[in-house]
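Naming convention: chains lettered A, B, ... in sequence-line order (proteins, then strands); numbering from 1 in each chain. In this text, all values refer to a predicted model and were calculated from it rather than measured experimentally. Keep in mind that the numbers below use all heavy atoms, side chains included, and drop hydrogens, waters and symmetry copies.
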Protein chains: 2
Amino acid sequence: MPVVDEIDHRILNLLAADARMPNNALAAEVGIAPSTCLGRIRALRESGVIRGYHADIDQAALGRPMQAMISVRIQSGARERIGAFLDRIRRRPEVHNVYFLSGANDFLLHVGAADAHMLRDFVVDQLSVHPEIALTETNLIFEHYRGEATGL
Amino acid sequence: MPVVDEIDHRILNLLAADARMPNNALAAEVGIAPSTCLGRIRALRESGVIRGYHADIDQAALGRPMQAMISVRIQSGARERIGAFLDRIRRRPEVHNVYFLSGANDFLLHVGAADAHMLRDFVVDQLSVHPEIALTETNLIFEHYRGEATGL
DNA sequence: ACTGAAATTATGCGAGC
DNA sequence: GCTCGCATAATTTCAGT
């Protein structure tokens, strides 16, 4: 069980805002020596508190200007078989996030696509073909904002 | 409109997977000189293709083991006044993502909380108090997976 | 776009609190 | 046990070519 103190907290917030911030600057900001700061970051990384560092890419520039949120409902009898389905779906390049939820729908898939055609193909070829899937509902994402404080 | 070629594409995928990957390693991986690679990354950053670099933090370690997706529907007459509401809500530390959608519900708020109490307080104090908000529906997030290929 | 030098930054180690 | 300061290694950055 990792112990995260006040200073760790500040380091994490700074890294969530800018993961490429130099260790020196971080150390100065939180008021400890660079080597100490590095040790803390390494411990946080190894204990799993820091899960990784990711660049946030403008999807439109990558040829995927369209994003959608797809609600997926599983057949009530097939809840045990969804593990394999999930593992495959989350590895697809179109899929940005998978939320496994309580409520009437079981999943939310956040996906990117070049156009409506590609989106339709994704729903038909990746989702509807599976007998475990009871229904899907696709909604376009007009805008997507990230939170500021602590990064996910 | 920025031009993103094959090599840029590979750089972006690598940075999406690991934003702290050293510039030299990146350059070697994509087969160009470090200085050239740096120039490309800078251009991508300045043109907005790379929006930022963020550490992915385990929310449980930060004292927010609970996550929820809240569907929000706006009063049909109040669609013009939601800008200010959005600006405020997305700055709250509990809020990880705001999705502005088509369909019956107008927003999806992805939030973190320490417990059910805190979550209830967020819904009541930040959402229900606004007359512009017609209804909210809160669903717990059991699990959240990030996509692998290209980072968002 | 590459090469090589210079500045900046990261890392490991021994000492001190 | 955690922190620091210094020495070394690695990386980034900016010339010139």
Trainee: If you look at every heavy atom in A/Ile41 and A/Ile50, which pair is closest and at what distance?
Mentor: O-CD1, 4.1 Å
Trainee: How many Å lie between CZ on A/Arg20 and P on D/dT11, as a whole number?
Mentor: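 The answer, rounded to whole Å, is 12 Å.
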Trainee: Quick check: do B/Leu127 and B/Phe85 have side-chain heavy atoms less than 4.5 Å from each other?
Mentor: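 With C-beta onward as the side chain, the pair touches.
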Trainee: Rounded to the nearest angstrom, tell me the gap between atom CZ in B/Arg45 and atom P in D/dT12.
Mentor: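 So the two atoms are 16 Å apart, to the nearest Å.
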Trainee: Locate the shortest heavy-atom distance separating A/Gln75 from A/Ile133; write the atom from each residue and the value.
Mentor: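 Result for this residue pair: NE2-O, 4.2 Å.
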Trainee: How close do A/Arg51 and B/Ile57 get, heavy atom to heavy atom, and via which atoms?
Mentor: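 Closest heavy-atom pair between A/Arg51 and B/Ile57: NH2-O, 3.9 Å.
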Trainee: Kindly state which residues belonging to residues 25-40 of chain A come within less than 4.0 angstrom of DNA chain D, counting heavy atoms of the residue only, listed by number.
Mentor: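 Those residues are A/Ile32, A/Ala33, A/Ser35, A/Thr36, A/Arg40.
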Trainee: Of all nucleotides in DNA chain C that come within under 4.0 Å of a heavy atom of chain A, which is furthest toward the 5' end and which toward the 3' end?
Mentor: C/dT9 to C/dG12
Trainee: Is there a donor in the side chain of A/His130 and an acceptor in the side chain of A/Arg88, or the other way round, less than 3.5 Å apart?
Mentor: yes
Trainee: Just N and O in the side chain of B/Asn24: are any of them under 4.0 Å from OP1 or OP2 of D/dA10?
Mentor: no
Trainee: Under 4.5 Å between any side-chain heavy atoms of A/Asp106 and B/Phe142, yes or no?
Mentor: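 In short, these two side chains do not touch, never coming nearer than 4.5 Å.
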Trainee: Measure OH/B/Tyr53 against P/D/dT12 and give the value in whole Å, please.
Mentor: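 So the two atoms are 11 Å apart, to the nearest Å.
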Trainee: Residues two or more places apart in sequence or in another chain: which of them pass side-chain contact (heavy atoms from CB on, under 4.5 Å) with B/Asn24?
Mentor: none
Trainee: Rounded to the Å, how far apart are B/Arg42 CZ and D/dT12 P?
Mentor: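 My rounded result for the distance is 12 Å.
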Trainee: What's the separation between atom CZ in A/Phe100 and atom CD1 in A/Ile82, rounded to the nearest 0.5 Å?
Mentor: 4.0 Å
